[in-house]
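Whatever order the structure lists them in is the order used to number ligands and atoms, beginning at 1.
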Amino acid sequence: MNFTNKVAVVTGAGSGIGQASAFGFASREAVVAVLDRDRESGEATAAHIRQQGGTASFFAVDVSVPNEVKSAVEEIVSRFVGIDILAHCAGIQSYGNAVSTTEEGWRKTLAVDLDGAFLVSKYVLPTMKKRGGGSIVITGSTQSLVAHRNSAAYVTSKHAIVGLVRSIALDFAANNIRANCVLPGAIDTPMLRWGAARDPNPERVIEACHKLALLGRMGTPEEVANMIVFLSSDLASYVTGATVVVDGGQLVPCGGTAFQLIGTGAEPE
Ligand code: NAP
């Protein structure tokens, strides 16, 4: 996998999966546009890439604000000529069921997690068309397919993202643009730690996150970034409209790991 002469736009690149993806593209020679709403962490990601000998610039963007996304894309194109890859990793977590979620909280989560994916795609796609092709990878979640309790807005936006990705794959295949969705399980990032810290016993939550996966541990941001980079590369030239789960086997046991462990049939050998 090599991205010489390719320009990769990575959102949410100041932290977690987005940052690991930015490093993954940069280490394979891509020019990286680092997008995040957090200036300090975004600048740090870009600076780290430059220190390693790569090429990167930071663009302060709130992906839920149309004009900010539009201006950033224009600036990236004027600075780097075009865009070949979009890896959309910006996102927020929120909690609440269909009653306890406030209307404001609902709108905020959908604005970032769903509108953000739409807006970055909307403004990047025309530049990819002009360029003769490209790849979009949007970060969903295992919660694009199943639900965690008390997460109505997050689960809704992550499910909807799959529809967006399939629509893009269908509508832009003729333009040589592929679109795919990566669905991470429990990944040890600041977002996950923030969620755990809301519990009276955060360590209990972290332990549960490790146990969720068949592999017995949380994933690392790099393990998701590896899939994002692969899907963005020519090695994945025949993959489009796909939802690729990166969850250490979390979704495999019917009824969840705990249900399987209490014994639902023949004893294991
Ligand atoms: P993270 O460490 O919190 O990184 C997300 C980055 O996106 C942060 O720098 C964040 O800035 C930024 N961001 C948030 N809202 C933004 C906005 N409106 N505009 C621009 N940037 C924004 O989270 P992560 O765990 O790497 O998550 C990355 C993606 O993976 C998200 O879409 C998440 O839903 C998804 N995911 C994560 C997990 C997991 O277990 N970690 C599992 C499944 C899916 P702030 O720090 O200012 O918020």
Side-chain angles (χ1 to χ4, degrees), residues 9-24 33-46 58-73 86-95 107-120 123 137-148 151 153-162 164-165 181-198 205-206 208-210 212-213 217-225 227-228 243-248 250-251:
V9 172
V10 185
T11 73
S15 176
I17 294 167
Q19 184 184 58
S21 300
F23 292 159
V34 172
L35 274 59
D36 206 287
R37 68 177 173 188
D38 186 312
R39 180 171 288 279
E40 198 179 324
S41 64
E43 293 276 22
T45 298
F58 170 67
F59 300 84
V61 179
D62 182 331
V63 295
S64 66
V65 180
N67 277 343
E68 289 191 20
V69 177
K70 185 170 181 277
S71 309
V73 169
L86 168 64
H88 176 60
C89 306
I92 55 169
Q93 177 70 267
S94 68
Y95 296 101
R107 278 193 289 272
K108 185 178 166 199
T109 305
L110 267 76
V112 176
D113 289 351
L114 180 57
D115 296 6
F118 161 65
L119 290 169
V120 292
Y123 288 109
V137 179
I138 306 280
T139 312
S141 165
T142 44
Q143 292 179 73
S144 297
L145 304 176
V146 297
H148 284 199
S151 306
Y154 185 78
V155 168
T156 301
S157 51
K158 290 297 183 184
H159 271 63
I161 277 173
V162 174
L164 173 68
V165 166
C181 201
V182 165
L183 312 183
I187 310 300
D188 196 357
T189 68
M191 177 191 279
L192 183 140
R193 294 275 166 178
W194 173 86
R198 296 169 65 87
V205 178
I206 295 298
C209 286
H210 282 303
L212 268 178
R217 62 171 177 83
M218 283 194 272
T220 65
E222 291 73 23
E223 287 174 311
V224 181
M227 182 56 72
I228 291 173
T243 47
V244 182
V245 175
V246 184
D247 70 343
Q250 179 190 322
L251 294 184

[X]: heavy atom below 4.0 Å from ligand 1, yes or no?
{"X": "Gly140", "value": "yes"}
{"X": "Thr139", "value": "yes"}
{"X": "Pro221", "value": "no"}

Return yes if some donor-acceptor pair links the side-chain N/O of [X] with the main-chain N/O of [Y] below 3.5 Å, else return no.
{"X": "Ser144", "Y": "Lys158", "answer": "yes"}
{"X": "Ser21", "Y": "Ala225", "answer": "no"}
{"X": "Ser71", "Y": "Glu68", "answer": "no"}
{"X": "Thr45", "Y": "Ala13", "answer": "yes"}

N/O separation below 3.5 Å, [X] to ligand 1:
{"X": "Val112", "answer": "no"}
{"X": "Gly18", "answer": "no"}
{"X": "Val63", "answer": "yes"}

Return the [atom1] to [atom2] distance between [X] and [Y], rounded to the nearest 0.5 Å.
{"X": "Ile92", "Y": "Trp194", "atom1": "CD1", "atom2": "CH2", "answer": "8.0 Å"}
{"X": "Gln93", "Y": "Thr189", "atom1": "CD", "atom2": "OG1", "answer": "9.5 Å"}
{"X": "Thr11", "Y": "Phe59", "atom1": "OG1", "atom2": "CZ", "answer": "13.5 Å"}
{"X": "Thr156", "Y": "Leu114", "atom1": "OG1", "atom2": "CG", "answer": "9.5 Å"}

Look at [atom] and say which protein heavy atom is nearest, naming residue and atom and giving the distance to 0.1 Å.
{"atom": "atom 34 (O) of ligand 1", "answer": "Tyr154 OH, 2.6 Å"}
{"atom": "atom 21 (N) of ligand 1", "answer": "Arg37 N, 3.3 Å"}
{"atom": "atom 23 (O) of ligand 1", "answer": "Met191 CB, 3.3 Å"}
{"atom": "atom 29 (C) of ligand 1", "answer": "Cys89 O, 3.1 Å"}
{"atom": "atom 10 (C) of ligand 1", "answer": "Asp36 OD1, 3.8 Å"}

- How far apart are the closest heavy atoms of Val10 and Cys89, and which atoms are they?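 Scanning both residues, the minimum pair turns out to be CG1-SG, 4.5 Å.
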As an exercise, identify every atom of ligand 1 less than 4.0 angstrom from a heavy atom of [X].
{"X": "Gly16", "answer": "2 (O), 26 (O)"}
{"X": "Ile17", "answer": "26 (O), 30 (O), 37 (C)"}
{"X": "Leu192", "answer": "40 (O)"}
{"X": "Ser15", "answer": "1 (P), 2 (O), 4 (O), 8 (C), 9 (O)"}
{"X": "Gly185", "answer": "38 (C), 39 (C), 40 (O), 42 (C), 43 (C)"}

- Task: Only heavy atoms count here, so choose which of Gln19, Gln93, Arg193, Lys158 is nearest to atom 32 (O) of ligand 1.
- Result: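 That would be Lys158.
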- Report the part of Ile187 in contact with ligand 1, treating N, CA, C, O as backbone and CB onward as side chain, heavy atoms under 4.0 Å; options are side chain, backbone, both, neither.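 For Ile187, backbone and side-chain atoms both sit under 4.0 Å from ligand 1.
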- Query: Ile206 versus Met218: any side-chain heavy-atom pair under 4.5 Å?
  - Reply: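 When only atoms from C-beta onward are counted, Met218 and Ile206 do touch, with a gap below 4.5 Å.
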